[in-house]
Amino acid sequence: MLSSNNEEAGRHLGVDGLAPSFDPAEVEQGLYDWWDESGFFQPNEDPSAKPFVIVMPPPNVTGELHVGHALFVALQDLMIRWHRMKGDAALWIPGADHAGIAGQWVVERQIAEEGLTRHDLGREAFVERVWEYMHRLRGRIREQMRTLGASCDWTRFAFTMDPGPSHAVRVVFKHLHDKGLIYRGTRLISWCPRCMTALSDLEVVHKDVDGHLWHIAYPLTGDPSRSIVVATTRPETMLGDSGVAVHPDDARYVAEVGQTLTLPILNRELPIFADDAVDPAFGSGAVKVTPAHDPNDFELGKRHHLEQINILERNGTLNQHAGPFAGMHISAAREAVVERLKQDNAIVRIEEHRHAVGHCERCGSVVEPTISEQWFVKMQPLAEPAIKVAKDGTVAFVPDRFRGVYLNWMENIHDWCISRQLWWGHRIPVWYCQTCGETTVAVEETLDECPGCGGHVMQDPDVLDTWFSSGLWPYSTLGWPEQTDDLQRFYPSDVMETGYEILFFWVARMVFFGIEMMGEPPFHTVYLHGTVRDTEGLKMSKTKGNVLDPTEITATFGSDALRFALVTQGSPGLDMRLSMTLVESSRNFINKLWNATRFGLRAINECEIAMAEDGPARPEEPASLVDRWILSRIEAVTVDTNRLLDSHLYGEAGRQLREFVWTELCDWYIEAAKVRLRGTETERQVVAQVLAYVLERVMRLLHPFLPFATEAIWQALPHQGKSVMISTWPVAQRTDSDAEQRWLRVSELIVRIRNARAEVGVEAARWIPATIHAGEFHGDFTAVASEISALARVDSEQLMISNLAAQPGESDVVVVTDDAVAVLPLVGLVDLAEERDRLQKDLEAAELERARATAQLSNPGFVDKAPRHVVDVQRERLSAAEEKIAVISERLATFSV
RNA sequence: GGGCGGUUAGCUCAGCUGGUUAGAGCGCCACGUUGACAUCGUGGAGGUCACUGGUUCGAGUCCAGUAUCGCCCACCA
């Protein structure tokens, strides 16, 4: 019976040794709770420990988690577990986001099913409903995170709408307001008529749509028989026109500048004026100017003191300024206006025209630019230091190309519209006195009276853009503005790991807010992952119905399998496709690891291998070349893993570990171990020690990738350690490249013998005799004769290793490697002609090899300029090929046919 | 309009500072139950590294250009 020495963990794990095959449900059962209850998720309190902090991108509390969340959990948990094992005070702060506009929308849709709107409920009751929803979902999201194994510190869980972060929002608002960086202004903003709120530039997504360019004739007031033709893609906005602009040098219109036109339908008089901004080559060269509904025209109108005529109501219907069209929704107005213009013969021409139209990021409605009084953050002063830290590398990007993307955005930034006409979110902390008219910005949640005159105050009805509060996340979660111990110790954080799609929304804003409020950026590294797509490469979305539920995958294959698939499939900054076969093959790998340990454990327990608390000792005097080889390899892999993790190449590190376990440990070492365990007691001891050492090391290296499985397996090993997650991260011992090279010769010979057996058609189960002529490496081959015998299925009684030239007989198969010749007497099996063909193929390969090496070496530039070791490799290659050719040729010569 | 990325085996992707015969998983073919694993083993087939130039002794890797797919940014009405 295989049993665990760690009763506590064993009890929680329900693991009593390792079952015959890996069962994710069994393994993950209760393990997370045990970790959590043991306090392993909280940062190391040792004051000398270096903090390593990741602030989790708070998922929106608007739905279940999807595989995109599983990806960030996998990557962040990997980094956190790795640093925790390195002895750092690793802190991963979990949280959730109230998701302003998205959150409100979800609940609005829910009550719509009851036939209600938010106005039927009223603000207070509606907000109450949203809170209920969020409370319910919050727990669900937390459960899913736990299922995924996220080792975040739940005692520090934060929600954007909680009192602490909300207070931080008000303090920042007041700070920026007092500094003049937040202002209220009447400006042209993007308005979603469906959500009935202002949006920031980022919340407007531009889509190219096929439209038309309408050419409309505006008659001259002074001479209605003549007209100027303007071109527009949005004819309905003509209702708000207050001028027509032409280029100052445009000869066609130079005479008309200063005159006026009569606006069709409404008969308003419009001045004709000149401005450099007009492109004479586009359309008719004359542009209608609608200052209240077009960003360009807004600027133009300001320069030329034009009237701003707002034709829109908040809900997207046209107001009294639209004359006969008042009350109509703007989406219907285009057709109506065009129809009317046609009747009036004002339409001169209609062209096909493809152009970009802004849509609401959340609901997809066409966004209307409109003039409105809103709150803004003045960006220029905040952007400057945020540009500097990206340029000088204070904040690094992985992959680095996102630095440019970030800078391009920061350098062309516009002021940020932060007020939203919603009910769900942080209320703007501004109070207006009904008596004296004074405006007060308060950090308190409520203000009872006007601090100036004691009059009655009313709070601004609007709420803040949800990204305002997320932007403060790296310190609002640590108790700021109180100078808490957490804040002292854990700000700034280290790595910001998130999707590239929120680089501007979130990352950029955290940077400038962090510098402004805390005096330094909130992290030194931004690691950006890609989007998880479906098997077809399509983005997952609820409407497409191709969203994968991580908990379903987890239930079948386990969290580790999903995480390993996500981590090893991806590369920083690139999208990836996730398929079930990929998750399945990851699960298969875990099963392999599991079973390798089952094999190892038997030897370890039989030999009663002692292990210190933090793992077994490195075997001092390994008996065999295979031992030296695998011990060297595990150290090399340790070096590589460290190097790759340091360079944020997590996927590559995982793939490399998988490769090591499967190919080197299982296919070679364990296979070789099988025969050696039948050997002397000393040999058995060594094998068991090596297995213990390597397996224990592998569990630690893989723990950040496969937290559940490695813990379960590690607990089954006979040591006194408490948990692999708080064991020491491996640092490499010396490697032994001599052993690695020598074993390579042996394994190559074995592969070649197997290959020859297969080609000749020797049954797999059949043991055959062999003579190996090993020249200068004869000693190596002798030392591992039993391994060769077992792995190549050569009868050990009949295996002869000699440094004398082999004397192949008539029906022998001859296998030639760089370092050895194996002669396999296979009487009755060998077809001479086939054998000759086989050798002929080998000969051709060797000749090609020789030709290539010769070509390289006869190139004078190569020998002179290439580094010594590269040239040496070619020389060795040449002499090996020559030797091979000699041996094969000699053998071929004995075939008389 | 500007910027960025992908293009490597049938499929999904690695290939990190240029250096032997370009790798893995899945799929495919042929065998196969040795002290773990059929969620497996052994052997094998399969690639003009999108294309064209260039730099270099040497290019999948660096440079320039082309094609193609995709993404981001952008107030030409």
Side-chain angles (χ1 to χ4, degrees), chain A residues 18 20-22 188 206 213 230-234 237 245 277-279 281-284 286-290 294-299 353 355-356 358 369 399 401-402 404-405 408-409 412 500-501 503-504 531 535 537 557 568-571 573-579 581-582 584-603 643-644 647 649 651-652 655-656 658-659 662-663 666-667 670-671 673-675 677-678 751 754-755 757-759 761 763-765 790 793 845 848-849 852-853 856 859-867 869-870 873-874 876-877:
Chain A
L18 299 180
S21 85
F22 163 70
L188 196 88
H206 293 275
L213 196 56
V230 298
T232 181
T233 53
R234 296 194 300 150
T237 62
V278 178
D279 175 4
F282 187 88
S284 62
V287 54
K288 62 189 260 326
V289 181
T290 320
D294 182 279
N296 258 329
D297 296 0
F298 179 73
E299 294 302 322
H353 186 68
H355 64 130
R401 65 189 147 86
F402 284 105
V405 180
N408 180 53
W409 185 76
N412 297 294
Y500 62 73
E501 72 276 5
L503 179 61
F504 307 139
T531 307
T535 331
F557 298 113
T568 55
Q569 172 73 354
S571 252
L574 292 180
D575 293 354
M576 71 178 86
R577 298 182 191 194
L578 181 70
S579 65
T581 54
L582 193 71
E584 188 178 2
S585 72
S586 297
R587 190 276 315 264
N588 293 352
F589 166 57
I590 299 164
N591 185 60
K592 189 75 182 173
L593 190 66
W594 181 272
N595 278 292
T597 312
R598 289 184 67 225
F599 174 85
L601 266 179
R602 199 164 144 180
R643 197 195 89 237
L644 292 166
S647 325
L649 296 168
E652 193 59 24
R655 288 188 288 267
Q656 176 227 232
R658 174 189 189 286
E659 195 63 19
W662 209 309
T663 310
C666 293
D667 292 349
I670 287 182
E671 288 310 317
K674 286 176 182 173
V675 58
L677 286 171
R678 287 190 230 107
V751 168
R754 284 169 172 169
N755 170 282
R757 289 175 55 119
E759 278 192 40
E763 300 92 334
R793 222 170 173 74
L848 185 66
E849 192 78 359
R852 285 186 170 145
Q856 281 270 48
N859 179 342
F862 175 72
V863 182
D864 292 348
K865 293 184 182 171
H869 70 272
V870 176
V873 164
Q874 290 302 320
E876 280 162 30
R877 185 185 170 196

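Reckoned from all heavy atoms, side chains included, excluding hydrogens, waters and symmetry mates. Numbers restart at 1 for each chain; the letters A, B, ... are given by sequence-line order, proteins then strands.
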| B:A74 P sits how many Å from A:Asn412 CG, rounded? | 9 Å
| task | From the options B:U20, B:G43, B:A77, select the nucleotide whose nearest atom is closest to the side chain of A:Asp279. | result | B:A77
| query | Is there a donor and acceptor pair, one atom on the side chain of A:Arg793 and one on the base of B:U34, closer than 3.5 Å? | reply | yes
| remark: Parsed dot-bracket for RNA chain B after applying the Watson-Crick and G-U rules with both distances under 3.5 Å and | for other-strand partners is (((((((..((((.....[...)))).(((((.......))))).....(((((..]....))))))))))))....
Protein N or O to nucleotides 23-29 of chain B N or O, pairs below 3.5 Å:
unit_1 : atom_1 : unit_2   : atom_2 : d
B:G25  : O2'    : A:Ser585 : OG     : 3.1

| Per A:His353 side chain, nearest of listed nucleotides B:G19, B:A77, B:A74 | B:A77
| said: Students often get this wrong, so: under 4.0 angstrom with heavy atoms, is A:Val751 touching a base, only sugar-phosphate, or nothing? | reply: sugar-phosphate
| query | What nucleotide among B:A77, B:C4, B:G43 has an atom nearest to a side-chain atom of A:Val287? | reply | B:A77
| Taking the side chain of A:Phe862 as its heavy atoms from C-beta onward, which of B:G43, B:U20, B:G19 lies nearest to it? | B:G19
| said: So, under a plain 3.5 Å distance rule, would you say the side chain of A:Arg577 forms a donor-acceptor pair with the base of B:U12? | reply: no
| If you pin A:Tyr500 and A:His355 to their nearest nucleotides in RNA chain B, which one's is more 5'? | A:Tyr500
| A:Glu849/A:Arg852 salt bridge by N-O under 4.0 Å criterion | no
| task | Decide side chain to side chain contact (heavy atoms under 4.5 Å, CB included) for A:Phe22 and A:Asn595; before the verdict, give the C-alpha distance in whole Å, the side-chain angles of both, and the deciding distance to 0.1 Å. | result | CA-CA 8 Å; A:Phe22 163 70; A:Asn595 278 292; 5.8 Å; no
| request: Go through B:C37, B:A77, B:C31 for me and flag the one nearest to the A:Ala764 side chain. | output: B:C31
Please list each protein N or O that sits under 3.5 Å from an N or O in nucleotides 14-17 of chain B, with the distance.
unit_1 : atom_1 : unit_2   : atom_2 : d
B:A14  : O2'    : A:Glu652 : OE1    : 2.2
B:A14  : O2'    : A:Arg655 : NE     : 3.0
B:A14  : O2'    : A:Arg655 : NH2    : 2.7
B:C16  : O2     : A:Arg643 : NH2    : 2.8
B:C16  : N3     : A:Arg643 : NH2    : 2.6

| field | Given RNA chain B, 5'-ward residue of the pair A:Arg401 and A:Gly600, judged by closest heavy atom | value | A:Arg401
| message | Within the structure provided, determine whether A:Leu677 and A:Phe599 are in side-chain contact (heavy-atom separation under 4.5 Å). | response | yes
| field | Listed nucleotide nearest any side-chain atom of A:Thr233, set B:A77, B:G43, B:G32 | value | B:A77
